[in-house]
Amino acid sequence: MDLGPPIWIKESTKILVGNCSYRDLQVNLKIRSKTSSASLLLLLFSLAACNKEGYNYDRYYMGKEIVYTGPVSNFISNPGNQRVQLTWRPSPDRSIVKYIIHYNSKRDSLVIPANNEMAKDTVKVILSNLGEYIQDFTLYTMDGAGNKSVGQTLTAVKVYGPLYVSSLRKRRFTTSSLNLTNLTLSFAANTDTINVDTKLSYTNNLGVRVNLSLHPDSLKIVLPNWKTGEKVLLKSSFIPIKNAIDVFTASYTDTLLIN
């Protein structure tokens, strides 16, 4: 299709579109098709779309350069008993002089000096005396001039405490069997939390107090020199998740009476 001879537009002047000025704008467009015509219109509309505040960003940063320090990597949390351990790998930014952690809905903060750690090192810090609820932790790095990084936040970090301890029970006992004077106790595997140990205590037929430990991966334990009718005391310990820094022990001791 013949659209006629090309149209040339050439201008060298100050152009004001809205409140945006463009000095010495050289427009040299050769329009050969309807597509090119549409492109010209799009250019003009784009210039017109520049709002009256578009040229005045200087007032937001007062003519100063905005500097952000480098972020850390591998920022993770390890929960404990009314406390949390935070760990991270330092930034390679050597200007960093300290780390700032905000928590407790940003009502509290902790400042940790940076000790020229290498990026391959791991920084560890423990925040104690926390309530037993969900916490967010935001970490910033900062240099000596007060420039800081963009915040890095760990959300919904669960802190454990007395309520979790009150929910703990002994490892569930299933059956027993007696072979002469050796008593075998069987236990169920744990499914709702992570058992790390179960302590057993009893007095044998020689009148000696015996203390044993049942490994979390074991389902059976043998009590030698068993005395018929003796009581077995049990107390189990757990961690809520694999990376927990504290072990939680059931608040009371259970008793097994084996006849």
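Since we're looking at a predicted model, the values are computed, not measured. Computation of the quantities below employed the complete heavy-atom set of this structure, encompassing side-chain atoms and omitting hydrogens, waters and symmetry-equivalent molecules.
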Side-chain touch R83/I245, heavy atoms, less than 4.5 angstrom: yes
Step-by-step side-chain contact (heavy atoms from CB on, under 4.5 Å) determination, I100 to M142: CA-CA 8 Å; I100 304 173; M142 184 174 288; 3.6 Å; yes
Joint cluster assignment, I76 & L130, ILVMFWY side-chain distance < 4.5 Å: no
Cluster check L168, V159: I/L/V/M/F/W/Y, side chain < 4.5 angstrom: no
pair P79-N243: side-chain heavy atoms closer than 4.5 Å: yes
Side-chain touch F238/I194, heavy atoms, less than 4.5 angstrom: no
Rounded distance (nearest 0.5 Å) linking atom CG of N204 with atom CZ of R209: 9.5 Å
V196 vs F248 side-chain heavy atoms within contact, under 4.5 Å: no
By side-chain contact (heavy atoms from CB on, under 4.5 Å) - contacts of F173 (at least two apart): S176, L185, F187, L256, I258
Within-4.5 Å side-chain heavy-atom neighbours: R171 and L214: yes
Residue R94 excluded, over 12 heavy atoms near CZ under 6.0 Å: yes
Nearest-0.5 Å distance, OG1 of residue T203 to NZ of residue K231: 11.0 Å
Flag if over 12 foreign heavy atoms under 6.0 Å of OH, Y68: no
Steps toward side-chain contact (heavy atoms from CB on, under 4.5 Å) verdict (I112, L110): CA-CA 7 Å; I112 304 101; L110 179 67; 4.0 Å; yes
Donor-acceptor pair between T69 and T141 side chains, under 3.5 angstrom: yes
Hphob cluster co-occupancy, V210 + L183, side-chain heavy atoms under 4.5 angstrom: yes
Sub-4.5 Å side-chain heavy-atom contact between Q152 and T138: no
Hydrophobic cluster identity match, Y103 and V123, side-chain contacts under 4.5 Å: yes
Any side-chain heavy-atom pair of K199 and S237 under 4.5 Å: no
D143 side, atom CG; I96 side, atom CD1 - distance, nearest 0.5 Å: 8.0 Å
R169 and D254 ion-paired at < 4.0 Å: no
Under 3.5 Å side-chain donor-acceptor pair for S201 and N211: yes
Between CG on residue L234 and CG on residue L200, distance to nearest 0.5 Å: 4.5 Å
side-chain contact (heavy atoms from CB on, under 4.5 Å) evaluation trace for F137 with L127: CA-CA 10 Å; F137 299 91; L127 285 74; 3.9 Å; yes
Check against side-chain contact (heavy atoms from CB on, under 4.5 Å), V72 and Y99: CA-CA 10 Å; V72 304; Y99 307 99; 3.9 Å; yes
From CD (Q85) to CD1 (I126), nearest 0.5 Å: 5.0 Å
Interatomic spacing from CG in D108 to CD1 in I101 - rounded to 0.5 Å: 12.0 Å
Plane angle bin for Y202 and W226 - parallel if under 30°, tilted between 30 and 60°, otherwise perpendicular: tilted
Side chains of Q135 and V84 in contact at under 4.5 Å (non-hydrogen atoms): no
Cluster overlap F75 with V125, hydrophobic side-chain contacts below 4.5 Å: yes
